[in-house]
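Below is one structure, written out as structure tokens; the observations come after it.
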Amino acid sequence: MDKNRENIDQILIDAIDKAEVPKDVDSRINPWKHQMMLALWGLVISSVLIGTPQVVGIVQQAIGIILMLTGLRSFRRENKCFFAAWILTICRVVLFTCVIAVDASVYKEVFHASAIGKVTDWIQSAVLAGIMISLWKAFETEFRKTGHPAGTTGFVIQLLVMAIAVFTYIFRMHLPLALILLLFAVVIAAFVFILKIPQKLENTGYIIKTTPVKVSNIVHIIILSCIFIAIVAASGIIWSGYKMKWDNVEDAQISLTEAERAELQEKLTDLEIPEKVVEDLSDDDLVQCQNAVCADTVKDDWYFSVARSNDTKHMRVTRVLIALNEDETEWKVIHHFCWVSDQSFSGNDAIRLEPADLQPVEGIARKGQITGRLLYTDPAGVVYEAPFPILEFDQSPQPAIDFGSQATSSCYTAFSWPKQGRDCRCYLSYCVEIEQPGVRIFSLAYYIHNTGAVRFPCQTALDYAKAPGFSAHEKFEQRISN
Amino acid sequence: MQDQEFSALLSGNRKMAEERLIQEFTPLMYYIISGIEHNPENREDCYAEVCLRLLQGIESWKIERGSLKNWVSAVTRNTAISLLAKEKKHLHTELQDTLPAADASPEENAIRNDQERRLHIAIKKLRKADQELIYRKYYYLQSTEQIASELGHSVRSIEGRLYRIRKKLGEWMQDA
């Protein structure tokens, strides 16, 4: 074996004894700066998120939080404030994990709009402020030990900016763009000050003792990253669709007897309403039509693309107007959607309904609630029905192209089809009263179908339905019925 | 404290310069000493000796020769090692292997000088991170546990890196 290799240790000791450590290498030999810079860069990366697209922003925040936790674990025993910062960072990791799990599910928008979602946002901001305060006080404590003035102005500035942001949010103030840009510049400058703190502390000659770690930085980062990815994947798989309350249709139809139902259905089919539509109506909807006089039916065939395939999915759409009295002043509007193709479904679909009473046509008033249900047939031939899990009114999005509809608010519904259901169909219906016969009843329904696979953050068909403009999106397709 | 600032202070007010030197670099001295001298009782004696040597040699430091921090580090390290060598002459520990070899014959000196020259060239070829490891381990005599703790690595990871660095240095020295 070569003599050099055998004696390499002794040669190293002898040679280095006479060496002068290069300045740039010597500056790296510091017991704590490496870990502290990891923590502070993590703070900067996870805090400065203005203007980043959603996925990039979430990834940026994840990277920052992981770096913070990896760095701060080395200082948890130095003083109480570092320990507090470390604990709060763990809290931040837990909160962030919960939020990204929700963001991967269909409940993202509902959560963020709810009181719990808003409280979570406030708690996250409070935790971040707590971390900044803890680090500020921790460094102040260290500088106090050196007898030098604390160079922690950066933290004070950041906390002031956060306070301004909270103030403007609470009082719904609108700051001019110039002021926003100025505040952004101040935030960046403050973070530059913060990143210089370790060098200032090192210049005083102070040494912070680090706590030994059992797991190296790179392994710690990989473990945390895998945890985040696993939670997002699990949430996306488990909660990519809405929880539907499917029930056997025989058990649900309890208002009418068999004979009464059959009689009403026959009456409606005599009015040339498609049998498929009539069979799907609930007992309550049938009862509303017991005095039906005439009906107007419009049918259409829609085709939706299938992801990663040249196939298409075929949907038969029927719009029915039923006159409920002799005067023809009361009408029932039905929008019926029926999947003709038997293909698997994923994710969620949505319908946006612009009912006639909300159109810019005078003399129309809605009577009662908007009703409807979903139905499908399982492989054994049993028919199941379920109510819409979401059926709500909200503001209509601003159209990029005017299709003649200017409804101020719309009815939204969102749902998920069973993955292997056959003969999937649904309908929405409502009753209107018109002042005089001859008024045009104009009712629009948009069906938004999820053609793609799960994505992160989860964008639901409902999000798409509420989005302003007529934006093309490769994962959703929209059709309009009137 | 900047080097220029200290140099100016040394020219104007030596006593104040000495006080500032000791005040500013005491933590650094303790940091270096604690890596070499593991007995807490002996560290104070070592620190006192280092302070004495720094104050005695303060006039010899010139800004053109190198940074103040480098000079303080070198004096601290060399003082700690020489004190350790005096105390641990007969101890059969790992530390004995980390001390410079005893005097040798002219031929052996020539061989050693050549090896050291080749080793210095090889060390300069290493990445900065690897050079840092080498200087921490063999110049500042830090334990693997201390290095691992300060760099946020596990002990095994540091041992593995040191092994690979030594192997690389050996190959480069042979090629030089």
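First the proteins, then the strands, lettered A, B, ... as listed; each starts at 1.
Not counting sequence neighbours, the partners of A:R144 by the salt bridge (charged side-chain N to carboxylate O under 4.0 Å, His left out) test are A:E140.
Residue A:F83 places its CZ atom among 12 or fewer non-hydrogen atoms of other residues, nucleotides or ligands, all under 6.0 Å distant. In B:R14, the CZ atom is crowded: over 12 heavy atoms of neighbouring residues, nucleotides or ligands sit closer than 6.0 Å.
Pairing each heavy atom of B:E150 with each of A:H34, the nearest pair is O-CB, 4.2 Å. Closest approach of A:N217 to B:L151, counting heavy atoms only: ND2-O, 3.4 Å. The shortest non-hydrogen separation linking A:S216 to B:S154 is CB-N, 3.3 Å. The two residues B:Q131 and A:P22 have their closest heavy-atom pair at OE1-CG, 4.1 Å.
Contacts between B:I123 and chain A at a heavy-atom distance below 4.5 Å involve the side chain alone, from C-beta outward. Contact annotation for B:Y140: only side-chain heavy atoms (C-beta onward) come within less than 4.5 Å of a heavy atom of chain A. Only the side chain of B:Q142 comes within less than 4.5 Å of a heavy atom of chain A; its backbone N, CA, C and O stay farther away.
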